[in-house]
Amino acid sequence: MLILPENADHAGILGRMKITLVRGDITQQATDVVVNAANSSLLGGGGVDGAIHRHGGPEILAECRQLRASRYGKGLPTGQAVATTAGKLPARWVIHTVGPVHSVKEDRSGLLASCYRESLRVADELGARSVAFPAISTGVYRWPMEDAARIVLGTVRSADTRIDDVTFVLFDVEAYQTFERVLRGLGPTDEEIEAVLAARPSEHWEKLFALADALTDADLEVTWEGGPEPGEEGVSEMPHAIYSDALDAVLSVLVGLQVIVPFDWSAWHRATPLFPDGNGLDQAPVADAARLATTFIRAERFSEGTIQEAIQSGALHAILRRLRHWYQNERQ
Ligand code: APR
């Protein structure tokens, strides 16, 4: 769960990794590793890069020069990471990574995610246990803060790493508040959602799949009631969708199985390729089946017929299929 202890600015204890947001200066962080938002030359710059070299001293640049003279003759490619000494900084190492410049024409989110994933991999190799990240690419490289926060928080908290503590160091209030809003909106991690699903009684899961198997085409038909009569003037009640008792039974068992996730589903569904037809869900974590089900069930309150859209797009069947595969083959 997202536990917010009083003593931290904002710490999300998400499963095994502790994620903390702080407002401050990356050069002051006494973590094992601080990550530098470098450029490919590795020879310094402004922003985070300038601050780290200024406060860390010439040793850092000297090691960067050695790296350029050896492994990185052509410079450090975007999305990759390399470690040097931290010089006079309170940290033990600096991991330099090169973020992508934001582009509206090209989706470079994979490269931004790679900066964090590769930095954690290098930190693991060093034996580090704590890492401080700046908001890479959100300065000179112009990446919009909210989009960056969604990409990097999702990447870091699902990363396969031994790092226990990750701190995001945000330089100004707007950045901090953006990261805080996104972190809260991400809700529980995949592991936490799966733990809730696994704790539900088997008979409830068996009931869900029996009801789902019994659904006929007629059960999936949706009728509409209400709305203006032909020729009727003035305000009238909005039309509303009528679902079959059989489908209602499936939906209520889904809700009873706590497949409903407390997270910002409206932001998630805009960013996820799984919406609206559930295409790719078979290869996604079972938690995404719960997130997609939550999105449709919650959205129905705001827009009648969303569940009808899930039926027609195939998303409802994709969700049930993914839950069944997890129940029969993956559940611990
Ligand atoms: N501590 C923490 N965060 C900082 C600090 C600092 N001392 N200084 C700046 N920031 C914030 C910025 O406000 C921004 O949100 O870090 C984020 C990243 O900004 P940049 O440092 O400009 O990094 P980036 O956008 O990745 O651009 C990298 O800028 O400095 C050059 O050599 C660097 O060419 C590279 C480019």
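Every number for a ligand or one of its atoms is a count from 1 in the order of the listing.
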request  = Could you label the plane-to-plane angle of the Phe275 and His269 rings as parallel, tilted or perpendicular, counting under 30° as parallel and over 60° as perpendicular?
outcome  = perpendicular
key: Mutual orientation of the aromatic rings belonging to Phe209 and Tyr327 [parallel < 30°, tilted 30-60°, perpendicular > 60°]   = tilted
request  = Enter the distance from Leu21:CG to Phe168:CZ here, rounded to the nearest 0.5 Å.
outcome  = 7.5 Å
query = side-chain hydrogen bond (donor to acceptor under 3.5 Å, both in side chains) between Gln308 and Tyr243: does it pass, once the steps are laid out?
reply = CA-CA 8 Å; Gln308 180 180 30; Tyr243 297 100; 5.6 Å; no
key: side-chain contact (heavy atoms from CB on, under 4.5 Å), paired with Arg92, selected from Val34, Asp32, Thr85   = Asp32
Any donor-acceptor pair under 3.5 Å from Glu304 side chain to Glu300 backbone = no
Amino acids in close contact with ligand 1, where any non-hydrogen atom sits under 4.0 angstrom away = Gly24, Asp25, Ile26, Ala37, Ala38, Asn39, Gly44, Gly45, Gly46, Gly47, Val48, Asp49, Ala51, Ala135, Ile136, Ser137, Thr138, Gly139, Val140, Tyr141, Met145, Phe171
